[in-house]
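One structure below.
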Amino acid sequence: MKNSLIFIITGMAFWIPGLWSVIRQKRFFKKNIVTQGIITTYRSQQEKGARMYSAVVSYEVDGIPHQVQSNVWTTGRPKLGDIKKIAFNPANPKEAMCEDSCFMEYVAIIIGAGLTAAGIYRLF
């Protein structure tokens, strides 16, 4: 029984934040204005011996320039000048989000659901 609860709780710790992150991005894009921005620079940091990069996307609203940083960090340097889809709040254009891949969130959801299901299965 104790092991089952550990599986269930651990699984929930994976799939709940993953699902929340996917829903948050989908809702933001659905209720705000979607446009394209251009990768103009990137941020970098050293992490566990590897250099990680995150794209910074520039976009304009009513002729006023804005920037938003991607939530995705990769070992590959973003290609400057590439187009990236973003959404912004028309009431506050600084409130924006890049359309990032939700791959890791989907992986977390799958792993978490599997652990939760295994824990429930072990209860019976």
Here the pair of heavy atoms bringing Trp73 nearest to Arg43 is CZ3-O, 3.6 Å
Rounded to the nearest 0.5 Å, the CE atom of Met104 sits from the OG atom of Ser21 at a distance of 11.5 Å
One should read off an interatomic distance between Gln45 CD and Ser54 OG, to the nearest 0.5 angstrom, of 8.5 Å
Shortest non-hydrogen pair, Ala96 vs Val68, comes out as O-CG2, 3.5 Å
Inset, instruction - Classify the ring geometry between Tyr42 and Tyr53 as parallel (under 30°), tilted (30 to 60°) or perpendicular (over 60°). - result: perpendicular
Using a 4.5 Å cut-off on heavy atoms from C-beta on, say whether the side chain of Tyr106 contacts that of Ile109.
yes
Query raised in the report: Can you get from Leu115 to Ile120 by hopping between Ile, Leu, Val, Met, Phe, Trp and Tyr side chains that sit under 4.5 Å apart?
Result: no
Inset, instruction - Answer whether the closest heavy-atom distance between the side chains of Ile38 and Ile83 falls below 4.5 Å. - result: yes
Any Met52 side-chain heavy atom under 4.5 Å of Thr74 side chain
no
task: Decide if atom CZ of Arg51 counts as having more than 12 heavy atoms of other residues, nucleotides or ligands within a radius under 6.0 Å.
output: yes
Do Lys84 and Glu99 have side chains that approach each other closer than 4.5 Å (heavy atoms only, starting at C-beta)? no
Q.
Any side-chain to backbone donor/acceptor pair from Asp62 onto Ile64? Under 3.5 Å, distance only.
A. no
Would Glu60 and His66 count as a side-chain contact (heavy atoms from CB on, under 4.5 Å) if you check the C-alpha gap in whole Å, the side-chain angles of each, and the deciding distance to 0.1 Å? CA-CA 6 Å; Glu60 281 190 15; His66 298 280; over 6 Å; no
With the 4.5 Å side-chain cut-off for hydrophobic clustering, are Ile23 and Ile16 part of the same group?
-> yes
* hydrophobic_cluster_shared for Ile33 and Phe29, side chain cutoff 4.5 Å -> no
The reported gap from CZ in Arg24 to CG in Leu19 (rounded to nearest 0.5 angstrom) is 13.5 Å
### Task
Starting from the C-alpha separation in whole Å, work towards a yes-or-no answer on side-chain contact (heavy atoms from CB on, under 4.5 Å) for Glu105 and Trp20.
CA-CA 9 Å; Glu105 286 85 349; Trp20 178 82; over 6 Å; no
When hydrophobic residues are tied together by side-chain contacts of less than 4.5 Å, even through go-betweens, does Val72 share a cluster with Val107?
no
Is any side-chain heavy atom of Glu95 less than 4.5 Å from a side-chain heavy atom of Phe88?
no
Can you get from Ile111 to Phe103 by hopping between Ile, Leu, Val, Met, Phe, Trp and Tyr side chains that sit under 4.5 Å apart? yes
Between Ser70 and Asp100 the two heavy atoms that sit nearest each other are OG-OD1, 2.8 Å
Here the gap from Asn89 atom CG to Lys94 atom NZ, rounded to the nearest 0.5 Å, amounts to 13.0 Å
More than 12 heavy atoms of other groups within 6.0 Å of Tyr59 OH: yes
In terms of heavy-atom contacts, Ser4 and Gly119 come closest through CB-O, 3.3 Å
Between Gln67 and Thr41 the two heavy atoms that sit nearest each other are NE2-CG2, 4.5 Å
Taking C-beta and beyond as the side chain, do Thr116 and Phe7 meet within less than 4.5 Å on heavy atoms?
-> no
With a 4.5 Å cut-off on side-chain heavy atoms, are Thr35 and Ile86 touching? yes
Taking every heavy atom of Cys98 against every heavy atom of Val57, the minimum-distance pair comes out as SG-CG2, 3.7 Å
